[in-house]
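Quick notes on the structure that follows.
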Amino acid sequence: MGSYVFDNAWEKERERLSALERYFDPGTIRVLDSIGIDRGWSCLEVAGGGGSIARWLSHQVGKEGRVVATDIDTRFLEALTEPNLQVLRHDIITDELPEESFDLIHARLLLEHLPSRGVLLKKLVSALRPGGWIVVEDLDWGPLFAKPSLGFVHPASIQKTSERVARRLVAVMEAAGYDAAYGRRLPGELLECGLVDVNAEARDRLMWGGSAEAGMRRWTLERVRPAMTAKGGISTRALNQELANLANPNNAWRGLLLVAAWGRRLGKAESRTFKSRLVSEAHAILDHLRIVPLFADCSPVELETIASAVREIPAKEGAALTKEGAEGSSFFIIGRGTATVTRKEKHLAQLGPGSFFGEVALLTEGVRTATVTADGPMTLYELDANGFRDLMRRTPAVAQKVIQGLARRLQRADEEIAVEGEPFEYPRYF
Ligand code: CMP
């Protein structure tokens, strides 16, 4: 049985954790955001360490929600004051977890250290409510250890020392049960647990010497210095050299991947075959959405989220896709074909592939401002009102384009009114 190498009692552990949070938090938050943490959710942050993610989660879930942040040593978590955040001294290996209790569970840089990681992952999954999400993040040292190395070290003259030190660091951690390839295996592990909507991304950023991020590596090496230089290890000289390299702002490194993998426990009323059909459909839809200008500035993760929320629907020639004055509950993006927009039987516009419509009734929570009719057979991507609201909230790049589109329609409406010499009147959607 191994033991966790980085215990919180070490005097510099707070600094090490702060540097680590600075380096990894932006990516973690992006992934969690793309899943969409709703107000009222119940979240578990396992081995919360410095507590930055637990704090962020507690703000997302609001006062209707709750966050439980655990650690074997809660000294840093105790400093968190959020009222909906509960700090729990808890050992994931030996202590129990309540079943079916959380909407979201997150564990970063934890399971890779624990030899019983397979069992522990299953334990975490059973603590998820049906329909709940788990996000696990662990490292993949593969690129650094490939021959030749797929990492990047600048200048090349410090590469050898850097690689030797990295290898020794991993060897020290492996002696305590560490798995340096766990990150790479995470998606497979989540699938093994029977999760659906499994996906993953790997993150790697250039790390400059002397930066807060390089501090993370420096503190880590300091932390395990005795084990690094013990018999069979590397020389104190090589270690000191690497520490000096890490403090030098002219040096840079890349090549260590943090893999974030996530998946969802099947909901109670959901059947697996239906869900897997939906997942493959989402992949096909993704290929279409990639080329839609509305989504041009979306990240791959954002696009995937959108693809799994939209429904592909066919429409026949003459089909009324929206009816002026009627209630509306969907937003549409045109995949194939064209549609004509009319108001009071007056032609307003013709919309083609990549265009969207139906946003006005959803934004105003009012009625349709125009009738949109299919000119011929069409393929549409439909988002329901909740999906549209989520899209606007989570993807500012899309929200901006929807607003631009609206402004153009308003401008055009103004011009038409002026041309006709009618008394000025805002279109009905304002
Ligand atoms: P909504 O009112 O929900 O339903 C009808 C849709 O037609 C409307 O949202 C807009 O998306 C679209 N629409 C309204 N006016 C115009 C216009 N002048 N040009 C293009 N599209 C429009």
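Numbers here are sequence positions counted from 1. Just follow the structure's listing: the first ligand is 1, and inside any ligand the first atom is 1.
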* To do: Using heavy-atom distances, let me know which of Glu327, Arg409, Gln411 sits nearest atom 22 (C) of ligand 1.
  =>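 Going through Glu327, Arg409, Gln411 one by one, Arg409 has the nearest heavy atom to atom 22 (C) of ligand 1.
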Electrostatic pair [X]-[Y], nearest N-O below 4.0 angstrom:
X      : Y      : result
Glu21  : Arg108 : no
Arg368 : Glu324 : no
Glu312 : Arg336 : no
Arg89  : Asp73  : no
Glu359 : Arg389 : no

* Asked: Quick check: does Ala361 get an N/O under 3.5 Å from an N/O on ligand 1?
  ->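 Between Ala361 and ligand 1, an N or O pair is found under 3.5 Å apart.
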* Between Leu348 and ligand 1, is there a nitrogen or oxygen pair with a distance under 3.5 Å? ->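 N/O-N/O distance below 3.5 Å does not exist for this pair.
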Under 4.0 Å from a heavy atom of [X]: which atoms of ligand 1 are those, numbered in the order shown and with their elements?
X      : result
Ala349 : 19 (N), 20 (C)
Thr369 : 1 (P), 2 (O), 8 (C), 14 (C)
Phe357 : 11 (O)

* Asked: Phe76 ring centre to Arg16 NZ or CZ under 6.0 Å, with the angle to the axis within 45°?
  ->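 No, Arg16 does not sit over the ring of Phe76.
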Using heavy atoms and a threshold below 4.0 Å, how should the contact between [X] and ligand 1 be classified: side chain, backbone, both, or neither?
X      : answer
Val360 : both
Arg343 : side chain
Leu362 : neither

* Asked: Does some non-hydrogen atom of Gly358 fall short of 4.0 Å from ligand 1?
  ->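 Within the 4.0 Å threshold, so yes.
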* Under 4.5 Å between any side-chain heavy atoms of Trp56 and Val67, yes or no? ->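 With C-beta onward as the side chain, the pair stays apart.
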